[in-house]
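Single-structure report; data block below.
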Amino acid sequence: MNSSYINNMSLAFWAVSPVFLYNMVYSPNSPFLLYLILVPLVGALALFLIPSESIQLIKVVALNVSLFTYIASLFLWIGFDASSPNFQYLYQADWMPYGNLYFTLGIDGISLFFIILSTLLVPICIMLGWSSITIYIREYMVALLILDAMMIAVFSTLDLLLFYVCFEAVLIPMFVIIGVWGSRARRIRAAYQFFLYTFFGSVLMLLAILMMYFQAGTTDLQILLTTEFSTQRQILYFLAFFASFAAKVPMIPVHIWLPEAHVEAPTAGSVLLAGIMLKLGTYGFLRFSMPLFPEATLYFTPFIYTLSCIAVIYASLTTVRQVDLKKIIAYSSVAHMGVVMLGLFSLNAQGVEGSILLMLGHGLVSPGLFMCVGVLYDRYKTRLVKYYGGVVHTMPLFATIFLLFTMGNIGLPGTSNFVGEFLVLTGCYQTNTLIAALGATGMVLGGAYSLWLYNRVVYGFPKPHYINTYADINRREFFMFVPLIIGTLWMGIYPEVFLHDMHVSVANVIQHGSY
Amino acid sequence: MDYLSLFENDFLVLMPEIFLVYAACFLLMYGVLVSGAPEHAYVTNTGFLVILSLGLALLLLINGPVTDMLLMYNTLKVDYFTFYVQAWILIIGIGVVLMSFDYLKREKMHMYEYMVLVLLSCTSMLFMVASYDLIAMYLAVEFQSLAFYVIAASQRDSEFSTEAGLKYFFLGAFSSGILLFGSSLVYGYTGTTNLSDLATLYTGFESLNVASGGLYVGLMFVSVGFLFKLAAAPFHMWSPDVYQGSPTTVTAFFALTPKLAVLALLTKILYVGFYDIMGPWQKVVMVCSLASMVVGAIGALGQTNIKRLLAYSSIGHVGYMLMGLASGSVEGIQAMFVYMVIYVAMTFTTFCIVLSVRTADNKPVEYIHDLSHMSRSNPILAMTLALTMFSMAGVPPLAGFCSKFYLFFTALSSSLYPLAVVGVLSSVVSSFYYLRLIKTLYFDHTNTVHSYVSLDTEKAWLCALSFGVTMFLIMYPNPLFLASHKVALALCALIR
């Protein structure tokens with residue numbers, strides 16, 4: 001099949017797509033969220049019908065489907081009512097009705113942006129693999145589309161058991177992505193660590209969910225929110241949920257899998273890991289642990305503060321000493337997620353909103369950085385810092401983009417992370433001055449390692465005895481960076497657009513726990 | 001009044017079993033008469049006749065005139081429970097015969113007796129499930145074991161197969177002895193072998209405080225005899241050897257039917273006959289469940305032989321099923337049957353794929369690394385196997401998760417916290433070796449070349465059906481859960 005034919009087909013697809021979109025969004029009582037989950041799944045099924053020799057067609061179909069999902073998910077935002085405290089776009093279907101288990105979907109201001117972030121990152125990941133993935137191309141696209149569907153589902157589900165199902169289901173494609181398309185032999189170890197850490201934590205969460213199901217007779221979040229558990233049980237459940245979410249965040253003693261997985265995964269894997277997977281843990285804390293177990297949350301707040309402070313300082317210091325580009329960004333993610341946890345457990349509106357904004361900002365900046373590393377790795381096949389130098393002389397465009405994301409990582413005013421970190425520290429300061437001060441050192445240390453990294457890679461003299469061919473970023477790579485850059489700056493300059501939709505939902509969470 | 005009219009209705013109800021016994025006799029003669037032909041055709045021919053007989057027996061079973069009845073001087077009982085389990089046994093029998101055609105031809109096992117033996121063991125298991133009396137139970141178990149010993153050793157020119165048959169025979173005879181001894185102790189202390197009489201005798205037994213040691217010993221022996229047959233740890237030693245040595249289709253048969261039939265019979269005896277002295281047997285089942293889960297998870301870690309790996313995996317699965325039995329509630333039985341059906345589906349898929357792979361010199365695969373080329377030579381099969389392994393590990397949204405979460409739920413609601421915790425932890429450990437299989441399929445790049453036989457039509461259908469259950473059960477689990485619930489209620493005589 002020649003390329004002009006494929007192009008015509010995608011044009012035709014986009015010409016008729018408004019009809020689908022209109023039906024998804026505006027037909028009365030349309031289960032919009034369900035459609036949004038089904039679109040990538042149907043796309044993944046369609047990929048199996050394409051003969052495996054027409055690689056170009058597979059890529060184009062996957063890209064178009066994921067872009068369609070992204071644009072459809074933007075309509076969630078357009079139709080979102082920021083003043084309503086209720087869950088919106090509610091959809092309920094029978095799953096096991098006699099066991100009182102239903103398939104419930106719905107979003108509020110907290111989950112809205114995570115859905116949009118995931119649907120944004122998936123097309124970028126598909127483009128990342130456009131030329132660098134050479135084996136099992138169809139499987140790569142299928143894995144990404146399934147991940148897309150699962151991530152939409154995990155952020156929109158309002159049923160604990162269903163949440164667990166999607167939370168775990170994400171493991172399967174991610175395990176395959178790390179193991180199959182990873183770069184070195186060590187990738188197998190990384191894939192195992194990723195899988196087993198998460199699986200071990202979440203089976204304990206499963207037990208807690210089943211105990212709650214046994215006690216309350218349902219796993220519907222909206223009903224469970226009206227249930228009061230005794231303090232002892234809350235503490236037990238909180239610990240079980242903590243085991244699962246802490247491994248995913250990752251909190252400091254169980255963060256070992258993250259640098260491994262990041263380093264060994266292909267660029268797309270790192271992007272999704274940093275962009276979405278880590279947020280699953282913090283999202284879980286915010287959505288489930290905090291409203292369901294308020295007393296346990298207060299009980300464990302000092303514990304989590306301690307772990308997060310250690311994460312911020314220790315991970316930042318570890319970052320300084322790393323020699324692998326991807327490891328640097330991975331450890332800096334651990335530090336940033338520590339700040340996010342500080343914000344969440346400050347348990348006031350500024351802190352929580354700040355941490356959501358920081359999650360979103362980190363979901364744009366850190367994928368951007370991983371893509372920068374990917375650009376270098378695709379050209380020179382090494383990630384060790386010492387082989388690079390003077391990149392600015394040969395790749396000026398790349399150096400500019402890399403600078404922007406580095407500044408975003410530091411939290412320079414004008415970028416998304418600044419607003420997030422500022423709000424987090426404001427919120428934290430109100431509850432615990434010492435913790436806020438310790439958390440703020442993370443920003444200083446962040447400046448140290450980010451600037452030093454940028455310094456070593458981009459400035460200085462080129463090292464022609466290591467690297468002697470040069471190419472700046474090409475058009476495909478440039479267009480992958482554009483949405484991330486726009487998002488980073490937008491969130492940094494006018495964050496109210498995002499905060500506006502969160503206020504009511506965050507106030508809901510905080511008031512529900514009467515913190 | 002003549003004797004025949006006394007059993008007039010009984011014979012009507014027993015139609016499927018009677019039909020199968022006749023079919024076995026007929027097929028034996030058929031095999032003898034046409035076995036002079038040099039080709040393999042007559043084996044296939046007999047096989048299709050066996051499928052036909054099993055299918056007709058299934059039809060007879062479904063259209064049976066009576067749904068709930070005690071037969072033959074109260075030695076057999078049919079109800080929804082027996083109907084459900086018997087139907088599954090017949091379906092599995094058909095599946096195993098379908099799987100065997102290609103394998104027998106390639107292995108040059110030109111023996112029609114294999115097919116007839118599958119038929120005979122299915123017949124015996126129908127009797128086993130229906131038995132309602134310790135003597136009837138023992139006779140049916142022996143009938144089943146006899147067929148199994150022979151079928152394990154059916155590859156006459158392989159010393160592995162002979163060894164497997166011998167081992168199975170010795171340990172099977174040993175466990176049968178234990179079972180018989182236990183039954184006789186129970187009979188000696190109570191004077192009855194009928195399950196409902198035993199249940200009546202034991203009503204309020206524990207509160208009367210007339211505990212008699214001999215009775216407990218008898219009960220222990222009966223349970224241990226069955227746990228031997230189930231290969232639950234610590235009575236599992238024989239199963240890896242037998243699994244490894246038997247021809248692979250026979251291994252599949254061993255992994256599927258006895259688990260279903262023996263566990264159903266054990267459940268029936270414990271729940272109907274001995275429910276009022278639950279204390280002692282619950283502890284035994286709990287310990288065995290714990291031990292099996294742990295042994296199944298840890299024992300498999302070091303295995304390199306596929307069939308031994310699957311043996312340990314099935315020991316682990318038996319441990320999970322026993323968890324449902326140990327819970328002592330209707331939901332526990334329901335969870336156990338849900339687990340069984342899903343286990344059957346996953347095992348069918350796995351064995352279909354293992355059977356379809358052969359090494360370059362046209363031998364059946366033995367080691368895990370023999371599968372390493374599969375993701376390139378047969379990507380669809382490799383993906384099927386990988387997803388089935390994820391399902392066995394209990395990763396949602398696959399069917400294996402459906403079965404496990406309900407089981408853990410019942411264990412928690414019966415306050416069996418140690419079982420639930422050990423269960424989830426050992427499912428993490430066992431996921432390690434399932435992942436190893438996936439790793440071999442996708443991540444290892446070896447240069448050894450293997451020939452891959454494409455699936456024959458029969459196996460392809462079987463594989464597609466069972467894999468469909470594994471993949472899509474979570475979308476609509478209702479029918480399975482409701483049917484299992486009805487089975488559990490029928491067993492506990494809560495519905496008529």
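None of these values were measured; they are calculated from a predicted model. In what follows, every chain begins at residue 1, and chains take the letters A, B, ... in the order their sequences are listed.
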Considering only heavy atoms, which portion of L162(A) lies under 4.5 Å from any heavy atom of chain B: side chain, backbone, both, or neither? neither

Roughly how far, to the nearest 0.5 Å, is CG of L482(B) from CE of M96(A)? 9.0 Å

Is it true that, when you exclude I380(B) itself, more than 12 heavy atoms of the residues, nucleotides or ligands shown sit nearer than 6.0 Å to its CD1? no

Please flag which part of A393(B) lies under 4.5 Å from any non-hydrogen atom of chain A: side chain, backbone, both or neither. backbone

Less than 4.5 Å to any heavy atom of chain A: does that hold for the side chain of F408(B), its backbone, both, or neither? both

Any side-chain heavy-atom pair of L435(B) and F175(A) under 4.5 Å: yes

Donor-acceptor pairs under 3.5 angstrom involving side-chain atoms of residues 194-207 of chain A: please list them, not counting sequence neighbours.
from	atom 1	to	atom 2	distance (Å)
T198(A)	OG1	F194(A)	O	2.7
S202(A)	OG	E168(A)	OE2	2.5
S202(A)	OG	T198(A)	O	2.5

Do P379(B) and Y136(A) come close enough that some side-chain heavy atom pair is under 4.5 Å? no

Indicate the ring-plane relationship of F214(A) and F409(B), choosing parallel, tilted or perpendicular according to the 30° and 60° boundaries. perpendicular

Residues in residues 36-43 of chain A near chain B [non-hydrogen atoms, under 4.5 Å]: none

ring-ring contact (aromatic ring centres under 6.0 Å, His included) evaluation trace for Y164(A) with F405(B): CA-CA 11 Å; Y164(A) 175 80; F405(B) 98 83; 9.0 Å; no

Any side-chain heavy-atom pair from P97(A) and N478(B) closer than 4.5 angstrom? yes

Keeping the roles fixed (side chain from W95(A), backbone from I474(B)), state whether a donor-acceptor pair exists under 3.5 Å. yes

So which of I172(A), I188(A), I209(A), V176(A) has the biggest tally of heavy-atom pairs under 4.5 Å with chain B? I172(A)

Taking G179(A), A169(A), G182(A) one by one, which has the highest count of heavy-atom pairs under 4.5 Å against chain B? G179(A)

Show the numbers, then the answer: is there a side chain to side chain contact (heavy atoms under 4.5 Å, CB included) between M211(A) and Y417(B)? CA-CA 10 Å; M211(A) 286 291 283; Y417(B) 301 115; 3.9 Å; yes

For S484(B), give me all partners under side-chain contact (heavy atoms from CB on, under 4.5 Å), at least two apart in sequence or on another chain. Y84(B), Q334(B), F337(B), V338(B), L480(B)

With sequence neighbours left out, what residues match S270(A) under side-chain hydrogen bond (donor to acceptor under 3.5 Å, both in side chains)? K326(A)

At a 4.5 Å cut-off on heavy atoms, which part of V429(B) comes close to chain A: side chain, backbone, both, or neither? neither

Side chain from CB out, backbone as N, CA, C, O: work out which of these in E139(A) comes under 4.5 Å of a heavy atom of chain B, or both, or neither. side chain

With rounding to the nearest 0.5 Å, note down the distance linking CZ in R187(A) to NZ in K439(B). 10.0 Å

Considering only heavy atoms from C-beta outward, does the side chain of M383(B) approach that of F48(A) to under 4.5 Å? yes

Below 4.5 Å from any heavy atom of chain B, which atoms of L101(A) appear? Answer side chain, backbone, both or neither. side chain

